[in-house]
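Computed from a predicted model, the values in this text were never measured in an experiment. Only heavy atoms go into these numbers, but all of them, side chains included; no hydrogens, no water, no symmetry mates.
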Amino acid sequence: MTGSSERTIRCVGALVHDSNGRLLLVRRANPPGEGLWSIPGGRVEPKETDEAAVTREVAEETGLSVTVGRLVGSVERPAPNGVFLIFDYECQVTSGVLRAGDDASDVAWVDSATLATLPTTDGLLEALSEWNWLPRA
């Protein structure tokens, strides 16, 4: 066997603040990160654009429709036999009713005080802080 057995798995995430400055988070229902809070997101399907993947993942996990904006940042996280390469985009809610669905066991708009009490995925708070995307409330 030649070459590396590691693979890169392209993923996306949605960075969303509401009109009160709270941040949209989901509690993961499945691995990786089961039971931990993170931003909505997931894998980009074959031939899917990042924008389409963000829109789909947010709708599936939160019931909300969003407009996808600029790329805010990217991170790498370990994956089984590889690495998740995650691109996080600024988004604006356009419609929908907030509800947990698909890979989310819960969903919430969180302020700074609440975020400080939640178990979050590895590196989330550091990335949000670096990108100036922590809750504004």
Side-chain angles (χ1 to χ4, degrees):
M1 188 169 169
T2 60
S4 173
S5 62
E6 280 201 2
R7 62 188 182 121
T8 299
I9 303 161
R10 189 176 183 93
C11 299
V12 292
L15 298 166
V16 187
H17 285 124
D18 71 2
S19 60
N20 296 318
R22 298 174 300 175
L23 181 66
L24 180 62
L25 293 182
V26 297
R27 184 167 45 201
R28 299 273 174 221
N30 303 304
E34 182 177 359
L36 300 176
W37 289 86
S38 190
I39 61 172
R43 295 178 190 203
V44 177
E45 300 294 335
K47 299 185 181 180
E48 188 177 41
T49 65
D50 282 6
E51 180 179 353
V54 171
T55 302
R56 175 182 52 77
E57 288 288 346
V58 172
E60 289 174 357
E61 294 182 359
T62 71
L64 300 175
S65 296
V66 296
T67 299
V68 181
R70 70 180 175 90
L71 175 66
V72 174
S74 63
V75 295
E76 287 187 12
R77 297 290 180 254
N81 300 319
V83 62
F84 292 115
L85 183 55
I86 308 165
F87 296 88
D88 293 327
Y89 291 86
E90 178 179 17
C91 297
Q92 296 292 321
V93 173
T94 57
S95 65
V97 176
L98 188 64
R99 55 124 185 97
D102 193 34
D103 293 336
S105 62
D106 200 359
V107 61
W109 291 106
V110 301
D111 58 23
S112 296
T114 303
L115 180 60
T117 69
L118 297 176
T120 57
T121 54
D122 288 342
L124 176 68
L125 298 180
E126 294 82 359
L128 293 175
S129 179
E130 180 181 323
W131 301 336
N132 195 30
W133 263 93
L134 290 165
R136 299 177 186 131

Could you tell me whether the side chain of D88 and the main chain of G73 form a donor-acceptor pair under 3.5 Å? no
State, yes or no, whether a side-chain contact exists between V16 and L64 at a heavy-atom distance under 4.5 Å. no
Side-chain donor or acceptor of T117 paired with backbone N/O of T114 under 3.5 Å: yes
Do V66 and L25 land in one hydrophobic cluster if side-chain heavy atoms of ILVMFWY residues count as linked below 4.5 Å? no
Identify whether L128 and V54 are in the same connected component of the hydrophobic contact network (ILVMFWY, side-chain heavy atoms under 4.5 Å). no
In Å, rounded to the nearest 0.5 Å, how long is the span from CD1 of I9 to CG of N81? 8.5 Å
Heavy-atom side-chain contact between V58 and V68 under 4.5 Å: no
Please round to the nearest 0.5 Å and tell me the distance separating atom CG of D122 and atom OG of S38. 10.0 Å
Is there side-chain contact between R77 and I86, with heavy atoms separated by less than 4.5 Å? yes
Check whether any side-chain N or O of R27 sits under 3.5 Å from a backbone N or O of A100 as a donor-acceptor pair, and report yes or no. no
Can you find a pair of side-chain heavy atoms, one from W131 and one from V75, that are under 4.5 Å apart? yes
Is a side-chain donor or acceptor of S95 paired with a backbone partner of S65 at a separation under 3.5 angstrom? no
Whether the side chain of T121 engages the backbone of L124 through a donor-acceptor N/O pair (distance < 3.5 Å, no angle test) should be reported. no
Just how far is it from atom CD of E45 to atom CZ of R10, taken to the nearest 0.5 Å? 13.5 Å
D106 CG: over 12 foreign heavy atoms closer than 6.0 Å: yes
Separation of R70 CZ from C91 SG (nearest 0.5 Å): 11.0 Å
d(L125 CG, W37 CH2) to nearest 0.5 Å is 13.5 Å
State, with a plain yes or no, whether a side-chain heavy atom of L24 is found less than 4.5 Å away from one of I39. no
Gap between atom OG1 of T67 and atom CD of E51 - 0.5 Å precision: 8.5 Å
V110, L36: one ILVMFWY side-chain cluster at the under-4.5 Å cut-off? no
For the student: nearest non-hydrogen atoms of F84 and P78, plus distance: CD1-O, 3.4 Å
Considering all heavy atoms, the nearest G35-P119 contact: O-CG, 4.3 Å
Is the backbone of P40 close enough, under 3.5 Å, to the side chain of E57 for a donor and an acceptor to pair up by distance? no
Nearest non-hydrogen partners of A108 and L98, listed with the distance: CA-CD2, 4.4 Å
Charged N to carboxylate O below 4.0 Å: is that the case for R43 and E48? no
Under 3.5 Å: donor-acceptor pair, side chain of S112, backbone of A137: yes
Min side-chain heavy-atom separation L134-L23 under 4.5 Å: no
Answer yes if W133 and W109 sit in the same cluster of Ile, Leu, Val, Met, Phe, Trp and Tyr residues linked by side chain heavy atoms under 4.5 Å apart, and no otherwise. no
More than 12 non-hydrogen atoms from neighbouring residues, nucleotides or ligands closer than 6.0 Å to CD on Q92, yes or no? no
Checking D18 side chain against N20 main chain: does a donor-acceptor pair fall under 3.5 Å? yes
Hydrophobic cluster membership, with links at side-chain heavy-atom distances under 4.5 Å among I/L/V/M/F/W/Y: are V93 and Y89 in one? yes
